[in-house]
Novice: 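The structure's right below; bear with me while I get my questions together.
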Amino acid sequence: MKRQNVRTLALIVCTFTYLLVGAAVFDALESKQETSEKKNLEERRYELMTKYNLSEKKYEELELVVLKLKPHQAGVQWRFAGSFYFAITVITTIGYGHAAPSTDGGKIFCMFYALLGIPLTLVMFQSMGERINTFVKYLLHRIKKCLRMKHTEVSMANMVIIGFFSCISTLCIGAAAFSYYEDWTFFHAYYYCFITLTTIGFGDYVALQKHDALQKNPHYVAFSFVYILTGLTVIGAFLNLVVLRFMTMNSEDEKRDAEQKALLRRNGQTTIRTTETSGNFRNMYAEVLHFHSMCSCLWYKSREKLHYSIPMIIPRDISTSDTCIEQSDASPNRLPETFTNGCVCNLHRSTISSVSTGLHSLSALKGFTKRRSSV
C-alpha cells in the first residue's frame, strides 16, 4: 500500500477517534448542567405564566418577540459599521449568528459574497502568514548574528516556539481589552478571543453588542476590527508554519514518486542504448582485430576509423605508426609496383613484425620512407 494511502487512513482513524473522545468528554461535562438548567427554566416559565396569567399561546408569542429583539440590543445592526462587522464574520467564516440578513436579496448576495470572499480571505491570510514567518526568520537570524552566537541558523523549533508565544500573547492582549470593554471576566474574554480567532464563532459571546457600541464607541469598534484581522493573521502565520506542512505531505510524496518513476524510466532507456552501443563497439573492435590478422593496410585504416568512433577503446597512439620502411639501395624515388588488389601488404615482409598492431615492415619498399598511415 502506498505511503500516502496509509497516512490518509491513519488520519481518518485518528480523527474519528478524536471525535469519539471529544463526545464522551463533553457528555460527561455538559449533560448534567444542561438537564439542571432546563429544569430550572421550566420552573421559571411556569412561575411567569402563573404570575401574569399567561396562556401557553401568549407565552410563546412573548418568547418569540424576545428572541427577535435580541439582535437589536446593540442598536441598529445594518448601518455601515454593523455591516462591516457582519462582512468580517462572513468572509473569515467566524459566523457569530448575532445578525443575519432577513431579506431574500440580502440572503442571495450573502451567498455569492461568501463564495468569492472566503477563498480570497484564506489565500490572503496564508500569504501574509508566510511573509510574517519570513520576516521573523530574517529578524531572528540577525539577532543571533549580533549576539555572536555559534549557530546563527534559524531552526524549525525556533520558529514554532516564536509562533506559539505570539499566538498566546495575541490572545492575552485581546482578553485584557475585551474584559475591560465588555465587563467580562478575563477567562470569558480569553475564551471569546480563542473562539473568534480560530473562526469557530459560537456566538455565545459577541463583542460590540452592548450599550449601542456600534454607533457610540467608534474607538472600540475600530479596535475590535483591527484586532480580529490582526489576530487572524498571527494565527494564520502559525498554521502556515505548522499545519500546512502536513497538509501538503501527500502532494509532495506524489510529486517525488512521479519524479522517481521518470528517472527510473530514463535510466532504463539509457541502459538499453548503452548496451546496444557497447555491443556495436565490441563488434567493430572484433572486425578491426580480424583486419589486423589479415592485412596491415586494412588494420591501419580501420584503426583510424575506430579512433573517431570509440577513442576510449583504441587511442590514436595504440600502434607504433612511426615505423618506417627501410631504405632501399635502389633509386629513392622508385615506387612500388601496383598490385591488382590495391594493397601493398603482399610485398615481402620482414622477419620482425608487430604482432600487437599488425604493422609489418615492407623490405621491398627500399628508399620509400613514410609513415604507414600514408599507405
Novice: For E34, does the CD atom sit with more than 12 other heavy atoms under 6.0 Å from it, leaving out its own atoms?
Specialist: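 Not more than 12 within 6.0 Å, no.
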Novice: Indicate the atoms forming the closest heavy-atom contact of V160 with F238, along with that distance.
Specialist: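 So the two residues come closest at O-CE1, 3.8 Å.
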Novice: For M124, is there any backbone N or O sitting under 3.5 Å from a side-chain donor or acceptor partner on S127?
Specialist: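 Looks like no, no N/O pair under 3.5 Å.
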Novice: Would you say the side chains of N5 and T8 form a donor-acceptor pair under 3.5 Å?
Specialist: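 No, no side-chain donor-acceptor pair sits under 3.5 Å.
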Novice: Can you label the angle between the F225 ring and the Y85 ring as parallel, tilted or perpendicular, going by 30° and 60°?
Specialist: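 Tilted.
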Novice: Decide side chain to side chain contact (heavy atoms under 4.5 Å, CB included) for E37 and L41; before the verdict, give the C-alpha distance in whole Å, the side-chain angles of both, and the deciding distance to 0.1 Å.
Specialist: CA-CA 6 Å; E37 186 175 356; L41 289 175; 4.3 Å; yes
Novice: Is there a path of hydrophobic side-chain contacts, each under 4.5 Å between heavy atoms, that joins L197 and I173?
Specialist: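 Result: no, two separate clusters.
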Novice: For the ring pair F178 and Y227, is the centre-to-centre distance below 6.0 Å?
Specialist: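 Centroid distance F178-Y227: below 6.0 Å, so yes.
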Novice: Keeping the roles fixed (side chain from E182, backbone from L208), state whether a donor-acceptor pair exists under 3.5 Å.
Specialist: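 Such a contact is found between E182 side chain and L208 backbone.
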Novice: State plainly whether the residues R44 and E47 are in salt-bridge range, i.e. N to O under 4.0 Å.
Specialist: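 A salt bridge links R44 with E47.
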Novice: Answer with yes or no whether the hydrophobic clustering places F164 together with L241; edges join I, L, V, M, F, W, Y residues whose side-chain heavy atoms lie under 4.5 Å apart.
Specialist: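 Linked within one cluster.
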Novice: Ignoring hydrogens and geometry, is there a side-chain-to-backbone donor-acceptor pair from S36 to Q33 under 3.5 Å?
Specialist: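 Such a contact is absent between S36 side chain and Q33 backbone.
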Novice: Can you tell me if N133 uses its side chain to pair, donor with acceptor, with the backbone of G129 under 3.5 Å?
Specialist: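 Yes, N133 side chain to G129 backbone: donor-acceptor pair under 3.5 Å.
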Novice: Using the rule that Ile, Leu, Val, Met, Phe, Trp and Tyr join whenever any side-chain heavy atoms are under 4.5 Å apart, tell me whether F16 and L20 fall into a single cluster.
Specialist: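 F16 and L20: separate clusters.
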Novice: Just so I know, are the side chains of T199 and L232 near enough to count as touching, which here means a heavy-atom distance under 4.5 Å?
Specialist: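 Contact flag for T199/L232 side chains = yes.
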Novice: Would you say Y96 and T196 are linked by a side-chain donor-acceptor pair, where the criterion is simply a distance under 3.5 Å?
Specialist: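 A donor-acceptor contact under 3.5 Å links the two side chains.
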Novice: Is F186 atom CZ crowded by more than 12 heavy atoms from other residues, nucleotides or ligands, each under 6.0 Å away?
Specialist: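 Buried by this count: over 12 neighbours within 6.0 Å.
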Novice: Any donor-acceptor pair under 3.5 Å linking the side chain of S83 with the backbone of W78?
Specialist: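 Yes.
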Novice: Using the ring of each side chain (for Trp, its six-membered ring), is F223 parallel, tilted or perpendicular to Y181, with breaks at 30° and 60°?
Specialist: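 Geometry flag for Y181 against F223: tilted rings.
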